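These numbers come from the heavy atoms of this one structure, side chains and all, not from hydrogens, waters or symmetry mates. Just so it is clear, the model here is predicted, and its values are computed rather than measured.
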Protein chains: 2
Amino acid sequence: MSLKYALLGFLNYYPMTGYELKKFFDTSVAHFWNAEQSQIYSALKQLEGEDLVEMHVEAQTDRPNRKVYSITEDGRNELLEWLATPAEPEQVREPLLIKLFFGRVLPRERLIAVMHSQVADLRRIAETYGEAMEMTHKFGVAAGMEKDAQVWALTVEASIAHHRAGIAWAEDAIAKLERMDDDGFGASYPKEEDNPPVDARAARTILEMVTEGKPQLRASTLAARTTKGDDHDND
Amino acid sequence: MSLKYALLGFLNYYPMTGYELKKFFDTSVAHFWNAEQSQIYSALKQLEGEDLVEMHVEAQTDRPNRKVYSITEDGRNELLEWLATPAEPEQVREPLLIKLFFGRVLPRERLIAVMHSQVADLRRIAETYGEAMEMTHKFGVAAGMEKDAQVWALTVEASIAHHRAGIAWAEDAIAKLERMDDDGFGASYPKEEDNPPVDARAARTILEMVTEGKPQLRASTLAARTTKGDDHDND
DNA sequence: TCCAACATGTAACCGGTTACATGATTCA
DNA sequence: TGAATCATGTAACCGGTTACATGTTGGA
């Protein structure tokens, strides 16, 4: 859903074509949002259908006509309304944490290697934020929007903070893994060897032991807790 | 794709039904991964087709038969292989950052209110991590998997670190917004008023000014940079 | 000569969400 | 009486990705 508003946001700066919008995405919000060309074109069509943007064709002979989109009054109103509404927290999906969660079955060194590679990836991404910061500044100057550039900079800081935290956590986790007893790791788990073969009731029993009828920590519960409490300082 | 491996990961602990898998998800990995019941059922069917799990029916008269899934040798191998492979970095998608990015057009106080509500949401979620930590411990005891519980705890720490960083950043951003000049905010932007009406060339000109033929910071570029460099300590 | 930039799209697919359906048992 | 638990699914939809199609101009 946010894509729609990001497009409105850009069109609220200046009228432009789908092709140009793609460039704006790639040069300014790439660090926290990506949009494919094809997606932009179809979203624009949709926005036009809702009368939130309007399009006029600029004829060209040598290449496909330019379709320049501009935001409508309705579009601007809807944008402002959306911007002033609290953001719904995103569902986190972290493949790395799945690997770590189930990673005890790997030889410890293998698991640590995966963690190291995560750190390396994060560092590599973090290096690009300098460029991103420069970009926000350049845009501000080029477009005469220095005020906007100040909030743009805050979004880059968010990404930096986020990555720094990720790196710090991962390094701490690696240190902890290194302090753990090697014997517990690897595909065969000591306990399993001493114990009678696992039967189909085990999972049931464990679930009963853990959740003694108590309310569970469900994603839906989380969502409810977070969206219900929207009753603060914004109205 | 990770869902598939999460299922294999759980089935590698114990054989169980789709219904029980859902509970395991909700009580243990909910803080970084969610899976809907319907999705679990169809994924299991798919895994069975690939011979990574096998199913046997436990007949029941009073309610639908239990379909107990267990991991196969192939499944275990594929799981181990996947676990030992570096995680591909996820595309970040942060609606809040879109709001902030375009938020200059809001009255400053409105934008700050959105940020405050973000902080409140993050705090509310952070409160649940105590429970999550308890859960990992309980599971470890109940299943006789104390070693696994140690790595489970690391995943909870990841979420905690992540949220703490989010809160700290947001509070800092709020402080900065509060120090900014009020006049720059709101739907009408001073510069626009003094300047001639915006024409359809403006976006073009700005893009030219900012990206003087220089390589751009594209998501694809980022992806390339991050996946190319996988040549470290894992093979 | 060949690739990048300009400029538009369509179609297939994929992972995930939401809604709907069925039906017994148990507990408040 | 009515909700929650147990236990299975199907179908529609939705946002996003990947692949494919078309065709000119200008620069390395």
Side-chain angles (χ1 to χ4, degrees), chain A residues 1-7 16-23 25-26 33-48 55 57-69 88 90-93 95 98 200 203-204 207-208 211-216 218-221 223, chain B residues 1-7 16-23 25-26 33-48 55 57-69 88 90-93 95 98 200 203-204 207-208 211-216 218-221 223:
Chain A
M1 266 298 77
S2 309
L3 171 70
K4 188 173 142 178
Y5 296 100
L7 292 172
M16 54 185 127
T17 70
Y19 191 84
E20 285 165 340
L21 278 163
K22 171 63 174 158
K23 287 205 175 178
F25 265 88
D26 289 349
W33 204 277
N34 181 45
E36 296 301 326
Q37 194 78 58
S38 58
Q39 208 189 350
I40 291 175
Y41 284 126
S42 55
L44 282 171
K45 214 171 266 179
Q46 212 183 297
L47 286 169
E48 204 190 350
M55 185 264 290
V57 179
E58 250 181 55
Q60 296 192 138
T61 49
D62 49 340
R63 48 192 64 180
N65 292 335
R66 282 163 56 84
K67 297 188 175 176
V68 182
Y69 291 86
E88 70 288 12
E90 281 290 85
Q91 246 298 132
V92 192
R93 293 194 189 276
I98 297 192
R204 256 190 193 179
L207 277 173
E208 273 164 31
T211 71
E212 302 146 334
K214 273 173 213 163
Q216 289 167 30
R218 272 184 273 152
S220 54
T221 312
Chain B
M1 266 295 79
S2 309
L3 171 71
K4 188 173 145 178
Y5 295 101
L7 292 172
M16 54 185 128
T17 70
Y19 191 83
E20 285 165 340
L21 277 164
K22 172 62 173 158
K23 288 206 174 177
F25 265 88
D26 289 348
W33 205 277
N34 180 47
E36 296 301 326
Q37 196 77 58
S38 59
Q39 208 189 352
I40 291 175
Y41 285 126
S42 56
L44 283 171
K45 216 171 261 179
Q46 211 184 297
L47 286 169
E48 205 191 349
M55 185 264 289
V57 178
E58 251 180 58
Q60 295 191 139
T61 49
D62 50 339
R63 50 191 63 176
N65 292 336
R66 281 163 57 84
K67 296 189 176 176
V68 182
Y69 291 86
E88 70 288 11
E90 282 290 85
Q91 246 299 131
V92 192
R93 291 195 189 274
I98 296 191
R204 256 191 194 179
L207 276 172
E208 271 164 33
T211 70
E212 303 147 332
K214 272 173 213 164
Q216 289 167 30
R218 271 184 276 153
S220 55
T221 313

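- In this structure B:Ala43 satisfies the side-chain contact (heavy atoms from CB on, under 4.5 Å) test together with B:Leu3, B:Leu7, sequence neighbours excluded.
- A close approach under 4.0 Å does not occur between any side-chain nitrogen or oxygen of B:Tyr41 and OP1 or OP2 of D:dG9.
- With hydrogens and angles disregarded, no donor-acceptor distance shorter than 3.5 Å links the side chain of A:Lys67 to the backbone of A:Thr17.
- Scored by the side chain to side chain donor-acceptor pair (under 3.5 Å) test, A:Tyr19 finds no partners at all (sequence neighbours excluded).
- One finds no side-chain N or O of B:Lys45 lying less than 4.0 angstrom from the OP1 or OP2 phosphate oxygen of D:dT8.
- For A:Glu90, there are no side chain to side chain donor-acceptor pair (under 3.5 Å) partners, not counting sequence neighbours.
- As a whole-Å value, the separation of A:Lys22 NZ from C:dC6 P is 14 Å.
- Applying the ring pair (Phe, Tyr, Trp, His ring centres under 6.0 Å) test to B:Tyr41 and every residue at least two apart in sequence or in another chain returns nothing.
- Here B:Arg93 contributes atom CZ and A:Arg93 contributes atom CZ; the two are 13.0 Å apart, rounded to the nearest 0.5 Å.
- The distance from atom CG of B:Asn65 to atom P of C:dT22 is 19 Å, rounded to the nearest whole Å.
- Protein atom CZ of B:Arg66 is 12 Å distant from nucleotide atom C1' of D:dT8, rounded to whole Å.
- For A:Ile40 and C:dG9, the CD1 to P distance is 12 Å, given to the nearest whole Å.
- The distance between atom CD of A:Gln60 and atom C1' of C:dG9, rounded to the nearest whole Å, is 16 Å.
- Across the protein-nucleic acid pair, B:Arg204 atom CZ and C:dA5 atom C1' stand 12 Å apart, rounded to whole Å.
- Scored by the side chain to side chain donor-acceptor pair (under 3.5 Å) test, A:Glu36 finds A:Asn34 as partners (sequence neighbours excluded).
- Atom CD of A:Glu208 and atom P of D:dT5 are 14 Å apart (whole Å).
- A search for side chain to side chain donor-acceptor pair (under 3.5 Å) contacts involving B:Lys4 returns B:Glu50, not counting sequence neighbours.
- Taking five base pairs at each end of the helix from C:dT1-D:dA28 to C:dA28-D:dT1, the local helix axes there meet at an angle of 30°, rounded to 10°.
- Atom pair B:Glu20:CD and D:dT5:P shows a separation of 15 Å (rounding to whole Å applied).
- In this structure, the nucleotide among D:dC6, D:dA7, D:dG9 sitting nearest to the side chain of B:Lys23 is D:dC6.
- B:Glu20 approaches A:Ala203 most closely through the heavy-atom pair OE1-CB, 4.1 Å.
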Base versus backbone protein contacts along nucleotides 11-28 of chain D [heavy-atom cut-off under 4.0 Å; B, S, -]: ----SSBB-----SS---
